[in-house]
Structures are given as structure tokens and as C-alpha cells.
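Just below is one structure, and these are the notes that go with it.
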Amino acid sequence: MNVEDAVASRHSTRGFLEREVPPALIRKIIAAATRAPSGGNLQPWHLHILGGEPLQNFKALMQERLDDKTLREEPEYHVYPPALVPPYTERRFAVGEALYARLGIPRDDKPARRRWFSRNFAFFGAPLALFCTVDRLMGPPQWSDLGMILQTIMLLLRAEGLDSCAQECWALYPRTIAQFFNLPPERMVFCGMSIGYADPAQPANQLLTSRAPLDEVAQFIGI
Ligand SMILES: Cc1cc2nc3c(=O)[nH]c(=O)nc-3n(C[C@H](O)[C@H](O)[C@H](O)COP(=O)(O)O)c2cc1C
């Protein structure tokens, strides 16, 4: 698969087959992805990949957290700016509506929307999960480096016929993740990722998200 095809065929995948991902394959992909660039070659990412029984254990732990509202945690960072403004508000709204339309969940059915959202915390049935953590002292430039390696991983996954969904929702359960992985206090969770083979029967996987017109996001001068 060439790079263009990998970029074009990567979509957030929210339903996976039970098919196992060979351990050697995921190791190869993660190793190759560490060629991603980073400012000053700091490589500020820390990656935690979970499969098999440990993943089942983690999911069971998460289910306990979800079942008990008193176990909700203080998010470590705002996934979106609290005062988000247009055009970002519209884009966020549009993708949410498009997804729920695919799933046939109406706007006012909040319980159904919540139930769907909670599938995030079971990694949408994926056989592999990944977490990306970062030292708290790192700032916006290093956080952008995290995006470099995460997209590199997602594209390399495509090259092997695998799919993924990046998941910032994990920012909602930083203590559970820190305890499970025994993270040092100076480390924080950025995001998770579901990894596996897409389930073609899952309606959410048919969603093709829109993008802003090129002129809205790019300026070409002298070209
Ligand atoms: C860093 C990051 C975090 C994300 N977090 C979530 C998430 O928690 N749950 C989810 O369902 N999708 C999540 N997404 C997927 C986005 O909604 C998706 O990338 C966007 O709508 C564009 O769609 P596409 O990935 O299919 O092109 C995340 C994407 C990124 C890049």
C-alpha cells in the first residue's frame, strides 16, 4: 500500500472483528513508527500496548469504574477548549450528528448516546489497545510530536490491513490508567487507541467524515 492509500483509507474504526493480531506484527509496526520525527529528537512519547488477558483485566476494571458513578475521575486536561468557538464547534457537532445518524440514534435519546460512548472504554471490541503517555513537563511542541507517532502508527496499521481509533476519551480516567500501568507521578495520559481488524458489519465504520474546504485551512502564496 502506498502512503496516499494509507492516508485515504484510514478512518476511525469503532467496531472490530475478534480476529487476533499477531504479536510480532504489532511489535514490527510500533518499532517502525518510532521513526516518526520529533522536535530535537526528544521522542517524548511513551507507548503502552495491551492485548490478551491483561487487556481483558483492564476492561473488567474499567467496567467496574463505569458501573459506579462515585468512581468517576477528575480529567487531567480538557479534551476540547472549554470555550470552543466556530468553526470548530460546528465541525465537532457535525461529526457527532453524522456518527449518531449512522447508528440510528436520535438526538434526544441521551441514554442510547451514553451507552454508545461507553463502548469507547471497551475499545470497541478491539483485540489490542494502546495508550500514549507523556511527561508532564512537556509542552505543546512535544504534544504535537505525540500526534506524529500516533498518525504514523495508524498509517502503518493500514499498510498491514489493520484499523484503529484514536481515543482522547481516556483522559477521563487518568487514575485508573496510571495505577494499572504503574506510571510514575510525573507522567500523564494523553490518549488511547483501539487496534484491530475492522468489522464491516458495524454501521459506525461506514461513516466517512467530511473535511473543511481546502481554502479554509490552507493558504497558498506564490503557487
Ligand atoms: C487524538 C484523537 C483523539 C480522538 N478521540 C476519540 C475518542 O475518544 N472516541 C472516538 O470515538 N473518536 C475519537 N477520535 C476520532 C475522531 O473523532 C476522528 O478522527 C474525526 O472525527 C475524523 O474522522 P476520521 O478519523 O474517520 O477521519 C479521536 C481522534 C484523534 C486524532
Side-chain angles (χ1 to χ4, degrees), residues 3-16 33 36 38 44-48 50 58-59 62 65-66 72-73 75-81 84 87-103 105 112-126 128-134 138 140-158 162-174 176-177 188-196 198-200 202-214 216-217:
V3 181
E4 277 133 325
D5 290 342
V7 171
S9 67
R10 187 218 51 80
H11 309 297
S12 291
T13 297
R14 299 181 177 94
F16 294 86
S38 57
W45 42 75
H46 294 265
L47 304 169
H48 316 259
L50 208 52
F58 181 80
K59 287 199 321 192
M62 263 318 296
R65 300 288 194 272
L66 295 172
R72 281 193 188 158
E73 300 175 12
E76 272 197 303
Y77 69 91
H78 292 293
V79 169
Y80 305 106
L84 199 63
Y88 313 108
T89 38
E90 279 94 347
R91 292 178 190 165
R92 186 181 169 199
F93 181 80
V95 74
E97 290 309 297
L99 176 63
Y100 287 117
R102 281 267 155 205
L103 294 165
I105 302 177
R113 289 192 170 204
R114 264 196 301 275
R115 270 197 305 280
W116 168 263
F117 182 75
S118 72
R119 291 172 68 147
N120 266 286
F121 299 110
F123 300 98
F124 302 110
L128 288 178
L130 174 150
F131 287 103
C132 178
T133 65
V134 62
M138 299 297 181
Q142 290 76 42
W143 277 59
S144 82
D145 295 336
L146 304 182
M148 302 273 172
I149 193 158
L150 293 171
Q151 171 73 336
T152 304
I153 291 170
M154 292 193 281
L155 296 183
L156 289 169
L157 287 167
R158 282 309 302 131
L162 284 154
D163 291 282
S164 60
C165 184
Q167 295 175 283
E168 275 160 343
C169 63
W170 288 104
L172 299 177
Y173 284 92
T176 299
I177 299 166
M188 66 181 284
V189 176
F190 166 41
C191 76
M193 188 188 289
S194 301
I195 297 172
D199 178 358
Q202 168 52 252
N205 291 347
Q206 268 101 59
L207 174 69
L208 187 62
T209 53
S210 63
R211 292 295 184 269
L214 190 58
E216 219 176 289
V217 297

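For ligands, and for the atoms within them, numbers begin at 1 and follow the listed sequence. In this chain, numbering begins with 1 at the start of the sequence shown.
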Protein residue, atom and distance nearest to [atom], heavy-atom basis:
| atom | answer |
| --- | --- |
| atom 15 (C) of ligand 1 | S12 OG, 3.3 Å |
| atom 22 (C) of ligand 1 | T209 OG1, 3.7 Å |
| atom 9 (N) of ligand 1 | N120 OD1, 2.9 Å |
| atom 31 (C) of ligand 1 | A166 CB, 4.1 Å |

Answer with yes or no whether [X] contacts ligand 1, where contact means a heavy atom under 4.0 Å from a ligand atom.
| X | result |
| --- | --- |
| R10 | yes |
| C191 | no |
| R211 | yes |

Does the pair R211/E216 count as a salt bridge with the N-to-O cut at 4.0 Å?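 Here R211 does not pair with E216 in a salt bridge, since their nearest N and O are not under 4.0 Å apart.
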
For E4, does the CD atom have more than 12 heavy-atom neighbours from other residues, nucleotides or ligands under 6.0 Å away?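 Open: at most 12 neighbouring heavy atoms sit under 6.0 Å from CD of E4.
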
Is it true that atom OH of Y88 has more than 12 heavy atoms of other residues, nucleotides or ligands lying nearer than 6.0 Å?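 Count not over threshold, so no.
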
[X] heavy atoms, cut-off 4.0 Å: which ligand 1 atoms fall inside?
| X | result |
| --- | --- |
| H11 | 26 (O) |
| V95 | 21 (O) |
| C169 | 8 (O) |

Do you see a donor-acceptor pair shorter than 3.5 Å between the side chains of E73 and T176?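 On atom types as modelled, these side chains qualify, holding a pair under 3.5 Å.
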
Can T209 and H11 be counted as having a side-chain donor-acceptor contact under 3.5 angstrom?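 No, no side-chain donor-acceptor contact under 3.5 Å.
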
Taking the six-membered ring for Trp and the full ring for Phe, Tyr or His, determine whether the centres of W45 and F131 are under 6.0 Å apart.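 No, ring centres 6.0 Å or more apart.
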
Considering the options F124, F123, F117, which one meets the ring-ring contact (aromatic ring centres under 6.0 Å, His included) requirement together with F121?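 Output: one option passes, namely F117.
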
Best match, Q167, E168, R14: closest heavy atom to atom 17 (O) of ligand 1: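 Among Q167, E168, R14, the closest heavy atom to atom 17 (O) of ligand 1 comes from R14.
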
Answer yes if a protein heavy atom lies under 4.0 Å from atom 20 (C) of ligand 1, otherwise answer no.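 Answer no: nothing from the protein, no heavy atom, is under 4.0 Å.
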
Is Y173 close to E76 at the side-chain level, that is, under 4.5 Å between some pair of heavy atoms?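 No, every pair of side-chain atoms sits at 4.5 Å or beyond.
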
